[in-house]
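Presented below is the structure to which this report refers.
Order of the sequence lines sets the chain letters (A, B, ...), proteins ahead of strands, with each chain counted from 1.
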2 protein chains.
Amino acid sequence: MSVPSEFARRRSATIHDVAAASGLSRGTVSRVINGERYVSAEARDSVMSAIAEVGYVPNTAARNLKTKRSHAIGLIVHEPHSLFLEDPNIGAILLGTNSVLSAADYQLVSLIVDSERDSDRVAEYLRGGFVDGVIIISARENDPIGRAVVAMGIPAAFVGHPPDIDGIAYVGIDNVQAAEAITTRLLHTGRRRVGMIASALDRDSGRDRVAGFRAALGDAFDPALVVDYPLYSYDSGVEGMRRLLDRAPDIDGVFAASDAIAAGAMDVLRAAGRSIPKDVGIVGFDDSAWALRCQPPLSTVRQPAGDLGRMAAQRVLDQLDGRESATGGTFLETVIAWRESA
Amino acid sequence: MSVPSEFARRRSATIHDVAAASGLSRGTVSRVINGERYVSAEARDSVMSAIAEVGYVPNTAARNLKTKRSHAIGLIVHEPHSLFLEDPNIGAILLGTNSVLSAADYQLVSLIVDSERDSDRVAEYLRGGFVDGVIIISARENDPIGRAVVAMGIPAAFVGHPPDIDGIAYVGIDNVQAAEAITTRLLHTGRRRVGMIASALDRDSGRDRVAGFRAALGDAFDPALVVDYPLYSYDSGVEGMRRLLDRAPDIDGVFAASDAIAAGAMDVLRAAGRSIPKDVGIVGFDDSAWALRCQPPLSTVRQPAGDLGRMAAQRVLDQLDGRESATGGTFLETVIAWRESA
DNA sequence: TTGTATGCGTTATCAT
DNA sequence: ATGATAACGCATACAA
């Protein structure tokens, strides 16, 4: 150990000091601070000026201890290193969540899980009463934190995809419907041999996109034209497009399970001398920063990431007020951003 | 008001319960929990099993109230909406900070400032004793939060660029040196007419990059070949390159103050029929996701964003232990990622 | 080595 | 409408 910082030593004004300065009791001061009824106008005034005079700020630790509420809500981001830096939706979800919580006077606290150790510490943090509720994005199946949250019964909402647990609230998009819609539009441009580069088949989102693709194709569906990779990455797109080209040189349409994948696929197509969209039409998923950077700009499914965040926050707030039970999914509409790649 | 959630009502086991279950006193239990000396092995054992038995978890609010420490450190992200989503460094800083704090068993708590209201609430949050220290990225000059932090004397470190306040710790890169280095390398490729698209001249980082550019050019510096725009964006690159081409059709080298700017400039150059790097060499700054997406890949300055985050965390930790005074800057080395655009 | 007692700053329940 | 007082769960100085 060493010298504690000067900050830690400092004592700031308490209700006690305010009471002394105003000549009223601590009870009355507390009532004024919490805006309760049954306080005279004059009492309120003198308390207010006493507060200003002594520079009082409420001590949250004490208040939390007493009320068992922290007025803070945690947002747990559980992404592997690389994806975290690349995923365009995380930032938007964050901002959306923050806007709703901010309006309700809750403090958003984001917690990053980047290691086993983090996982444990975050679980501890949650149990410590630092937060009244929690939003979890991109939970894995079999996630220890997810299970801890359920076990504790803390108000929560998952965003991204439904977890493998019952009795939990979640918000997401309808991946089946969205995939089917954009594939259908791709078909309407006259494509005959359409393939898919799928990804993350260990998650509902990944599986559902394949299901939608298949539904759109109907009888024309050919399993040989679907390849899949674990990660929604540019590299997966490169690999996948090569395989697809190998299997079906006459391919004229591609549905990529993410924009990053589409970007990789497009570079391979270009290198193979195919022109887009003349020879091959391609569509993606996410409407991320990749989409506009592609040449030509990519047609893609827009995820309402901000709304996802807002909705998740709202659902936690509702549970907090006992207005809602912690169960069931909410699905938000996606829209297709139709550009020049198909 | 409405029905409070069931969670809020729940009471979990306390030290009291553990004491009862183990037949020891609350004091001894507390000592075991905090790993203090002077506890017998048998006492420790029975406390441990009692903890497991009753499912005890420490109440952080109570502990904070008593110790005046929260073992949490805040990371304040103060970026305008759009930049927040685009800036590639923020995620890396976040991860770097988290790794150091995690190892020291501190919980990182990220706070987003996205509105005036947020600003106030975050200040309140800091005063509430939720965090023992704070890291602030991309603070503005005249930032109310920055001033609040200084006024409270809470251990802090700024990352990104030095604030306009004295007696504060900050970490950053040497923008002058980095800009000079990459411009020099650009000149060594034989360029004669080299321009710059500058940005954010209201911040040190922006001004320093111009200074470095100028230093590298020496007598060859021509003010007419420097254009500037408020935002480090793709659009600034498009605009800037058009102006530069207008003023100096014979331009053969460009230093863009960010990768996004470089990307915009490259698209304009291509549209104007200039080949890169044959006709014009171009370099950027940041080594962001843009750099690899450019055609050809962009030569650029790599910011050690992860290290910046780690260093900032370390400096806060040092202040917390009284090991360091809260003042002075730390500058980290940049490296140049030399690719094909120049 | 262990137990006892006190206080951290609030809110909330009583009287008044 | 206001004032006294008892918790909240913990750490710690002191006594044993």
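Residues in residues 23-75 of chain B take part in these ring pair (Phe, Tyr, Trp, His ring centres under 6.0 Å) pairs, two or more places apart or across chains: H71(B)-Y106(B).
Enclosure of atom CD in E36(A) by more than 12 non-hydrogen atoms of other residues, nucleotides or ligands within 6.0 angstrom is indicated.
A salt bridge links R310(B) to D307(B): at least one charged side-chain nitrogen sits closer than 4.0 Å to a carboxylate oxygen.
When the C1' atom of dA11(D) is taken as reference, atom CG of N59(B) falls 13 Å away, rounded to whole Å. Taking atom CZ on R26(B) and atom C1' on dT12(D), their separation rounds to 12 Å, with Å as the unit. In this structure, R69(A) places its CZ atom 16 Å from C1' of dA12(C), rounding to the nearest Å. Distance, H16(A) NE2 to dG7(C) P: 12 Å, rounded to whole Å. Counting to the nearest Å, the C1' atom of dA12(C) and the CD1 atom of I15(A) are 12 Å from each other. Rounded to an integer number of Å, the gap from I51(A) CD1 to dT10(C) C1' is 14 Å. Across the protein-nucleic acid pair, H71(B) atom NE2 and dC10(D) atom P stand 17 Å apart, rounded to whole Å. To the nearest angstrom, C1' of dA1(D) lies 10 Å from CD of E42(A).
Distances from the side chain of T28(A) to the nucleotides dG3(C), dG3(D), dG9(C) place dG3(D) closest. Among the nucleotides dT2(D), dT12(D), dT10(C), the one closest to any side-chain atom of E36(B) is dT12(D). For A62(A), taking side-chain heavy atoms from C-beta onward, the closest of the listed nucleotides dC10(D), dA1(D), dT10(C) is dT10(C). Side-chain proximity of S25(B) to the nucleotides dT2(D), dG3(C), dT10(C) is greatest for dG3(C). Of all nucleotides listed (dT11(C), dT2(C), dG9(C)), dT2(C) comes nearest to the side chain of V39(B).
For the pair R31(B) and dT2(C), the criterion of a side-chain N or O lying under 4.0 Å from OP1 or OP2 is not met. Side-chain nitrogen and oxygen atoms of S30(B) include at least one within less than 4.0 Å of the OP1 or OP2 phosphate oxygen of dA11(D).
Under 3.5 Å, the side chains of S102(B) and S99(B) contain no donor-acceptor pair of N or O atoms.
Note on L65(B): a base of the nucleic acid sits closer than 4.0 angstrom, heavy atoms only. Among the heavy atoms of the strands, none lies under 4.0 Å from R37(A). Among the protein residues, N34(B) comes within range of the sugar-phosphate backbone only, with heavy atoms under 4.0 Å from sugar or phosphate atoms but none that close to a base. Residue contacts for V57(A): at a heavy-atom cut-off of 4.0 Å it reaches the sugar-phosphate backbone alone, with no base atom in range. Counting any heavy atom pair closer than 4.0 Å across all strands shown, A61(A) reaches no nucleic acid atom. L24(A) comes within contact range of the sugar-phosphate backbone alone, with a heavy-atom separation under 4.0 Å but no base atom that close.
A donor-acceptor contact under 3.5 Å is formed by the side chain of K66(B) with the base of dG7(C).
Nearest-nucleotide positions on DNA chain C for Y56(A) and S40(B) put S40(B) closer to the 5' end.
Residues H78(A) and I137(A) have side chains not in contact (no heavy-atom distance under 4.5 Å, counting atoms from C-beta outward).
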Residue pair S70(A), D132(A): steps toward the side chain to side chain donor-acceptor pair (under 3.5 Å) verdict: CA-CA 6 Å; S70(A) 67; D132(A) 295 336; 3.2 Å; yes

